[in-house]
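The structure appears right after this line, and notes come after that.
Here is how names work: the chains are called A, B, and so on, in the same order as the sequence lines, proteins then strands, and each is numbered from 1.
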There are 2 protein chains.
Amino acid sequence: MQSAAAPQDVIFEGPGHTGLTMPLTGEGGCPIREVLDRIGDQWSLLVLAALEPETLRFNVLLRRIGDVSKQMLSRTLRRLEEDGFVERTVYPEVPPRVEYSLTDLGRSFLEPMRALIRWADMHQPEVEAARAAYRARA
Amino acid sequence: MQSAAAPQDVIFEGPGHTGLTMPLTGEGGCPIREVLDRIGDQWSLLVLAALEPETLRFNVLLRRIGDVSKQMLSRTLRRLEEDGFVERTVYPEVPPRVEYSLTDLGRSFLEPMRALIRWADMHQPEVEAARAAYRARA
DNA sequence: GCTCCACGGTCTACAAAGTGGACCATGGAA
DNA sequence: TTCCATGGTCCACTTTGTAGACCGTGGAGC
């Protein structure tokens, strides 16, 4: 539901894109906040990226990412499962085997993410330069 | 610098995009982590969006976003300034006036962000459905 | 038979990060 | 004289994340 723009709403529109009018505050549904709720945490994005090429088990994922704690990985995966980004399959064997894989929704989410990652990769030198300039000023 | 792919590296590549090979771990420069360092926090993205249409003063920004604390807004702005996304201009008046505006770098960053926000807007129903299904299963 | 390991987690202290509100100096308006 | 607004910082408190112990099961090695 796309309601009329309130005075303080942001009209987030750009070349070649459909315009998007939205509030910034938490009360109404703000798409930016939606995005942040999904990927704004430390780990979700890394998990999705790790699962992109292949289905992985819990402990493999843990080692692949490296510095995530079991608890956070567990939570992150549950939230991603809840939101329909990731599918969890339990094989009732001993020792237990649990596999995580991307759903179509999760896969489609990575599409726009790629653009963002490429941006970061391309503009990293500019960011570094800005930081150096800032340190020099201060 | 784009080094050769280690076995556990993710080859993050998609239709119509330049491939990107990267580690997921924190040691090497992982572009995903770069992105997260920049926008992964609660507020940076909202600040950038708020500043997109117009230059704003500190307290206006504070009220516009609504539920950000002074401290966090202050920190967020300083970090964005440091990274070259935002420009800070102080007018030596009384009471003090400080204005924040986007730099070209900041503006260019919002470009790929738009795609992500549109994704969130478009796929929100699917996410809701996934959540409902999850609750029903549980 | 006895010990040890791997599996996918959860639980529990502890540490780090975020919050809301008080506080600062200044000058203009009421 | 009192009060407000400015752009912050500082402090106590709460929330969030971390590292590591722990769980039950079964198979491998001794």
Sugar-phosphate, base or nothing in reach of A:Tyr100, heavy atoms under 4.0 Å: sugar-phosphate

B:Arg79 CZ - C:dG18 P separation (whole Å): 10 Å

More than 12 heavy atoms of other groups within 6.0 Å of B:Asn59 CG: yes

Over all atoms of both residues, closest heavy-atom pair of B:Arg79 and B:Arg38: NH2-O, 3.5 Å

Options C:dT10, D:dT9, D:dG7, nucleotide nearest the side-chain atoms of B:Asn59: D:dG7

Pair A:Arg78 + A:Glu82: basic N to acidic O under 4.0 Å: no

Taking only nitrogen or oxygen atoms into account, show me every contact under 3.5 Å that the protein makes with nucleotides 20-30 of chain D, one pair per line with its distance.
none

Shortest non-hydrogen separation from A:Leu73 to A:Phe58 and the atoms involved: CD2-O, 3.7 Å

Short side-chain to backbone donor-acceptor contact, B:Ser74 and B:Lys70, under 3.5 Å: no

Nucleotide D:dG7, atom P - distance to CD of B:Glu81 in whole Å: 15 Å

Nucleotide nearest B:Ser69 (side chain, heavy atoms from C-beta), chosen from C:dT19, D:dG8, D:dA19: C:dT19

Spacing between B:Arg78 atom CZ and D:dG8 atom C1', to the nearest angstrom: 9 Å

Short side-chain N/O contact to C:dT10 OP1/OP2 from A:Ser74, under 4.0 Å: yes

Side-chain donor or acceptor of B:Trp119 paired with backbone N/O of A:Ser108 under 3.5 Å: yes

Atom pair distance, as rounded to whole Å: CD in B:Glu99 and P in D:dG8: 12 Å

Closest-nucleotide 5' rank along DNA chain D - winner of B:Leu77 and A:Gln42: B:Leu77

B:Ser101: which of B:Leu51, B:Val86, B:Thr55 passes side-chain contact (heavy atoms from CB on, under 4.5 Å): B:Thr55

For atom CZ of B:Arg97 and atom C1' of C:dG27, their distance in whole Å: 16 Å

Atom-to-atom span, CG of B:Leu62 to P of D:dT9 - whole angstrom: 13 Å

Nucleotide C:dG21, atom C1' - distance to CG of B:Leu73 in whole Å: 16 Å

Closest to the B:Phe58 side chain, choosing from D:dG7, D:dG17, C:dG8: D:dG7

Separation between CG of A:Leu80 and CZ of A:Arg75, rounded to the nearest 0.5 Å: 13.5 Å

Residue B:Arg75, side-chain heavy atoms: nucleotide from D:dT9, C:dG18, C:dG8 that is nearest: C:dG18

Spacing between B:Met72 atom CE and D:dT15 atom P, to the nearest angstrom: 17 Å

B:Leu56 to B:Ala50 - nearest heavy-atom pair and separation: CD1-O, 3.7 Å

Contact residues, residues 34-41 of chain B to DNA chain C [heavy atom, < 4.0 Å]: none

B:Arg57, nearest nucleotide to its side chain (from C:dG8, D:dG7, D:dG8): D:dG7

Nearest heavy atoms of B:Val35 and A:Ala120, plus distance in Å: CG2-CB, 3.4 Å

